Amino acid sequence: MLGAPKEEFMQIIKLLADVIPSGSSIVFDYPDEKSYTDQAGARAKKQAAMAAGAGEKMLASYSYEEMELLLSDSSFLIYEHLTPTETTGQYFAAYNQANPNHTMTAFDNVNYCLAFKNSPD
């Protein structure tokens with residue numbers, strides 16, 4: 001779904017909400033609101049340039065608040081949300097401590113989201 005416009009992403013979330021039972025989870029990553037601006041990290045800028053070169057323009061990015069609202073409109077609640085800094089700390093800290101000359105970090109400007117479908121009211 002590289003570069004899907006916000007409307008298409010919203011339709012996919014609504015479709016999932018229609019076909020999966022309450023209590024089900026979805027996991028996905030998404031570009032944050034700085035991804036395609038001058039504030040983006042070097043890797044995010046390079047990814048956008050490579051996608052554009054391949055004819056796949058990146059079309060959407062989201063703030064946490066936008067993502068929370070988009071999901072809640074389809075009865076999903078965010079259970080866990082990780083920024084790149086949080087992802088690096090949670091998943092790469094032990095490796096980085098053991099391998100200080102070859103550290104790893106999460107991708108710039110990409111957040112990870114675990115959401116579950118709430119029971120309709």
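All values derive from a computational prediction rather than experimental measurement.
Of all the heavy atoms in Ala106 and Pro84, the pair that sits closest is CB-O, 3.4 Å. Smallest separation of non-hydrogen atoms from Ser22 and Asn118: OG-O, 3.6 Å. Closest approach of Cys113 and Tyr30 over heavy atoms only: CB-CE2, 4.2 Å. The shortest non-hydrogen separation linking Tyr95 to His102 is CE2-O, 3.0 Å. Shown here for Lys117 and Ile20, the closest heavy-atom pair between the two residues is NZ-O, 2.9 Å. For the pair Ala60 and Lys6, the tightest heavy-atom approach, listed with the atom from each and the gap, is CB-CG, 3.6 Å.
Of the options Asn111, Leu69, Ile78, a side-chain contact (heavy atoms from CB on, under 4.5 Å) to Tyr64 is made by Ile78 and by none of the others.
Atom CG of Asn101 sits about 11.0 Å away from atom CG of Asn96, to the nearest 0.5 Å. Atom CZ of Phe76 is separated from atom CG of Leu70 by 10.5 Å, given to the nearest 0.5 angstrom. Going from atom CD1 of Ile13 over to atom CG of Leu16 covers 5.5 Å, rounded to the nearest 0.5 Å. In this structure, CE on Met67 lies 5.5 Å from OH on Tyr62, to the nearest 0.5 angstrom. Atom-to-atom distance recorded for Leu82:CG and Tyr91:OH is 6.0 Å, nearest 0.5 angstrom.
Leu71 and Phe116 end up in different hydrophobic clusters when Ile, Leu, Val, Met, Phe, Trp and Tyr side chains are linked at under 4.5 Å. Cluster annotation: Met10 is connected to Val19 through the hydrophobic network of ILVMFWY side chains, with a link wherever side-chain heavy atoms come within less than 4.5 Å. When hydrophobic clusters are built by joining Ile, Leu, Val, Met, Phe, Trp and Tyr residues whose side-chain heavy atoms come closer than 4.5 Å, directly or via intermediates, Val27 is not grouped with Val110.
Looking at Ser25 and Leu114, their side chains come closer than 4.5 Å, going by heavy atoms from C-beta outward. Inter-residue side-chain proximity for Glu80 and Tyr112 is flagged as unmet; no heavy-atom pair is nearer than 4.5 Å. Two residues are said to be in side-chain contact when any heavy atoms from C-beta on lie closer than 4.5 Å; Thr88 and Thr103 fail this criterion.
Looking at Lys14, its side chain never comes within 3.5 Å of a backbone N or O of Phe9 through a donor-acceptor pair. Judged by distance alone, the side chain of Glu86 and the main-chain N or O of Thr83 form a donor-acceptor pair under 3.5 Å.
A 6.0 Å sphere centred on OH of Tyr79 holds no more than 12 heavy atoms belonging to other residues, nucleotides or ligands.
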